[in-house]
> 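Mind looking over this structure? Questions follow.
Because the structure is a prediction, the values reported are computed rather than measured.
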Amino acid sequence: MEGYHKPDQQKLQALKDTANRLRISSIQATTAAGSGHPTSCCSAAEIMAVLFFHTMRYKALDPRNPHNDRFVLSKGHAAPILYAVWAEAGFLPEAELLNLRKISSDLDGHPVPKQAFTDVATGSLGQGLGAACGMAYTGKYFDKASYRVYCMLGDGEVSEGSVWEAMAFAGIYKLDNLVAIFDVNRLGQSDPAPLQHQVDIYQKRCEAFGWHAIIVDGHSVEELCKAFGQAKHQPTAIIAKTFKGRGISGIEDKESWHGKPLPKNMADQIIQEIYSQVQSKKKILATPPQEDAPSVDIANIRMPTPPSYKVGDKIATRKAYGQALAKLGHASDRIIALDGDTKNSTFSEIFKKEHPDRFIECYIAEQNMVSIAVGCATRDRTVPFCSTFAAFFTRAFDQIRMAAISESNINLCGSHCGVSIGEDGPSQMALEDLAMFRSVPMSTVFYPSDGVATEKAVELAANTKGICFIRTSRPENAIIYSNNEDFQVGQAKVVLKSKDDQVTVIGAGVTLHEALAAAELLKKEKISIRVLDPFTIKPLDRKLILDSARATKGRILTVEDHYYEGGIGEAVSAAVVGEPGVTVTRLAVSQVPRSGKPAELLKMFGIDKDAIVQAVKGLVTKG
């Protein structure tokens, strides 16, 4: 077979010894912790030994080296064996393994990126392969480097639809630098997995998705060496038939042992049994990588030129996003765009036209799109921008949540927010997205209200750590800012003010323009209002909001194209809570909307200029 050299008996025995040492470490660590998943580790011992000490190429003392092969442990509950591998490789002290799951240790119950050898957090099952696809796509098409990507999945998590979104993606893009290993150990958490040991069905499914699929005995180091040595012009799936709790007599292949450590006396006995099979203490050294990944710098990416809009001209912020991203793409060849078959609505097609090699079509698979972006962003290789209708990011909330736990730097642009999209109706209207993204730790939520602000939001997002969300709208609205206006994260803008302002009105996107229209109507009745554009909903400019409120008799009115829960009104209320003499009145969408013209819907749900006029008058007369 091409490129395969059978290891000699000595190497095969050393790999068996390594696998058994990994078993012992996993049992010791989980017993010391009093929790964890030793049986899930034991089924994967030979796979991990062959991967890390025969197949993969990496620098053991520099786990994040850009040239290294990548490994993603999608079945994150098997973390103890991943930690055991890095102790075996010499990166972690052996003694540290016994601190598993302690508050004083970095060895969490599931992999997290405070560990140098963990690129993406896993443990919410079914997500590792999507991230691995993003790494492999980056290696093949952006870095054009020889590093390979390996991802180990449990058979239980293969019931997740997101796994098959990733399988489809890898097949479509012929990611021949990607290997997925299915650890088919038959047993799930509370029951056997649906296919149990029907490995032929797994093989057919993988082949149907465009993968080269090989069935192996997952406890035979020789079969594993041979399978990993096969190179094809398509992604490879190794379907490893294994037994949960392998090597633990009385527990192997038995139900009701998932996530249970061995009691101390039992662990001691089992460790002795396994240790008696180890023939040599000699460790296998990791094979170093080929050093051909380009050096990359994604710091401080700036727009090549200022915005070129004209005050009063009209443009939808969704279109301004597409133009801005295409422009930023000229500043760095590491800006990439991903979309879920909505590029002619989100306007990411403008980026695709100008930078076709850096656009990834993810098709209608939003969960996978987010995971791909997370994978592309690992080791600071790229700056990804994903776009789709904001409503459709809600189905990827778990992937977004895990991206935050992964300390990932990804940018998500959601278009078609609110009832202002009009005739398409409620299934297409994002009315929960601000609540969702505000709840994500360390996130930044941009809500630009014109083309200039949108262009600045895109530039700032590219340079802001964490999860960035940009909310864009469908209607065309007037440019209100000059091209040299300075925007910063957490800095609101006073768009309209006078010394006689009676109420501070806070709107964003379409409702900011409704507030400005309301101000014109109110002026005729000798009532002036101060109008604020928050620009970022998180972080919110608390100081400017409070200063404005105090200048307008403590009255704040928020108006938003979003449900009441979790949006601008609640963000502002939280910012001013406990401030004496400050009151917040909120206008938002109160029920599931319907189809209609944008103006009709803004009116029906009480967030248009007339509703603002009424609310302001009510506050003024009440005062």
Side-chain angles (χ1 to χ4, degrees), residues 299-303 306-307 317 320-321 324 328 383 385 390 400 403-404 407-414 417 433-473 480-482 484-497 504-509 511-512 515 530-552 556-560 562 566-579 582 584 586:
N300 201 24
I301 300 171
R302 299 292 161 200
M303 284 289 183
T317 53
Y321 166 79
L328 194 64
V383 180
F385 281 82
I400 293 163
E407 297 172 26
S408 186
N409 301 315
I410 59 169
N411 308 291
L412 309 174
C413 175
C417 66
D433 54 316
L434 291 177
M436 178 172 92
F437 281 102
R438 281 182 60 227
S439 72
V440 173
M442 310 303 290
S443 64
T444 303
V445 179
F446 295 91
Y447 193 174
S449 296
D450 80 343
V452 175
T454 305
E455 188 165 315
K456 296 292 190 176
V458 168
E459 182 181 49
L460 287 165
N463 296 286
T464 301
K465 290 225 176 293
I467 313 297
C468 289
F469 175 60
I470 303 173
R471 189 181 209 230
T472 65
S473 307
I480 54 174
Y481 294 110
S482 70
N484 58 5
E485 183 76 38
D486 178 56
F487 285 84
Q488 297 299 333
V489 171
Q491 207 173 85
K493 299 282 176 192
V494 179
V495 183
L496 192 69
K497 73 182 279 192
T504 293
V505 180
I506 302 173
T511 62
L512 182 76
R530 186 160 300 195
V531 179
L532 254 61
D533 169 7
F535 183 59
T536 55
I537 311 304
K538 179 186 176 183
L540 201 63
D541 190 344
R542 182 171 179 270
K543 185 183 181 303
L544 187 66
I545 290 169
L546 278 175
D547 288 349
S548 301
R550 291 196 182 104
T552 57
I556 297 174
L557 174 67
T558 64
V559 54
E560 61 192 301
H562 187 277
I568 296 170
E570 287 196 356
V572 170
S573 300
V576 303
V577 73
E579 286 294 325
V582 175
V584 179
R586 300 180 296 142

> What pair of heavy atoms forms the shortest contact from L544 to K493, and how long is it?
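Looking at all heavy atoms of both residues, the closest pair is CD2-N, 4.1 Å.
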
> Where is the tightest heavy-atom contact between G567 and L434, given as atom of each residue plus distance?
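So the two residues come closest at CA-CB, 4.3 Å.
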
> Determine the minimum heavy-atom distance between A461 and I470, stating which atoms define it.
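Taking A461 first and I470 second, the nearest heavy atoms are CB-CD1, 4.1 Å.
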
> Could you point out which residue of T552, V576, I545, V572 forms a side chain to side chain contact (heavy atoms under 4.5 Å, CB included) with V582?
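By the side chain to side chain contact (heavy atoms under 4.5 Å, CB included) criterion, V582 pairs with just one of T552, V576, I545, V572: V576.
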
> Which pair of heavy atoms, one from E455 and one from P306, lies closest together, and at what distance?
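Nearest pair, atom of E455 first, then P306: OE2-C, 3.8 Å.
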
> Using a strict 4.0 Å threshold on nitrogen-to-oxygen distance, state whether E579 and R542 make a salt bridge.
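A salt bridge links E579 with R542.
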
> Roughly how far, to the nearest 0.5 Å, is CD of E459 from CD1 of I301?
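So the gap between those two atoms works out to 10.0 Å.
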
> In the structure I gave you, are the side-chain heavy atoms of V458 and M303 within less than 4.5 Å of one another anywhere?
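Answer yes - side chains close enough.
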
> Mind listing the closest non-hydrogen atom pair of S473 and G509 along with its distance?
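That would be OG-CA, 4.4 Å.
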
> Is S482 close to V452 at the side-chain level, that is, under 4.5 Å between some pair of heavy atoms?
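Side-chain contact under 4.5 Å: no.
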
> Atom CD1 in I556, atom CG in L546: separation rounded to 0.5 Å?
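Between atom CD1 of I556 and atom CG of L546 there are 6.5 Å.
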
> Within the structure provided, determine whether F469 and I400 are in side-chain contact (heavy-atom separation under 4.5 Å).
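A side-chain contact is absent here, since even the closest heavy-atom pair is not under 4.5 Å.
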
> Nearest 0.5 Å please: distance from the NE2 atom of H562 over to the OG1 atom of T511.
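These two atoms lie 11.5 Å from each other.
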
> Please find the pair of heavy atoms, one from S548 and one from T504, that lie closest to each other, and give the distance.
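Reported closest heavy-atom pair: O-OG1, 3.1 Å.
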
> When you look at N463 and R302, which way does the side chain to side chain contact (heavy atoms under 4.5 Å, CB included) test go after all the steps?
CA-CA 9 Å; N463 296 286; R302 299 292 161 200; 3.6 Å; yes

> How far does NZ of K497 sit from CG of L532, to the nearest 0.5 angstrom?
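So the gap between those two atoms works out to 9.5 Å.
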
> Do the two ring centres, one from F446 and one from F535, sit under 6.0 Å apart?
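Yes, the ring of F446 comes within the 6.0 Å limit of the ring of F535, centre to centre.
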
> Is any side-chain heavy atom of S573 closer than 4.5 Å to a side-chain heavy atom of R586?
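Yes, side chains in contact.
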
> With distance as the sole criterion, is a donor-acceptor pair present between the side chains of T317 and T454 under 3.5 Å?
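Distance-only check fails for T317 and T454.
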
> Distance check, rounded to the nearest 0.5 Å: D533 atom CG versus L512 atom CG?
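One gets 5.0 Å once the value is rounded to the nearest 0.5 Å.
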
> Does some side-chain heavy atom of D486 sit less than 4.5 Å from a side-chain heavy atom of Q491?
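In contact.
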
> Does T472 reach the side chain of C417, with side-chain heavy atoms less than 4.5 Å apart?
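They are not in contact (no side-chain heavy atoms under 4.5 Å apart), so the answer is no.
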
> For the pair R471 and F437, evaluate side chain to side chain contact (heavy atoms under 4.5 Å, CB included) and give the outcome as yes or no after the intermediate values.
CA-CA 10 Å; R471 189 181 209 230; F437 281 102; over 6 Å; no

> Could you go through the side chain to side chain contact (heavy atoms under 4.5 Å, CB included) check for N411 and V383 one step at a time?
CA-CA 8 Å; N411 308 291; V383 180; 3.6 Å; yes

> Report the distance from atom CG of L496 to atom CZ of R530, rounding to the nearest 0.5 Å.
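If we round to the nearest 0.5 Å, L496:CG and R530:CZ are 9.5 Å apart.
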
> Do K456 and P307 have side chains that approach each other closer than 4.5 Å (heavy atoms only, starting at C-beta)?
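With C-beta onward as the side chain, the pair touches.
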
> Run the numbers on L460 and T536 for side chain to side chain contact (heavy atoms under 4.5 Å, CB included), then give the verdict.
CA-CA 11 Å; L460 287 165; T536 55; over 6 Å; no

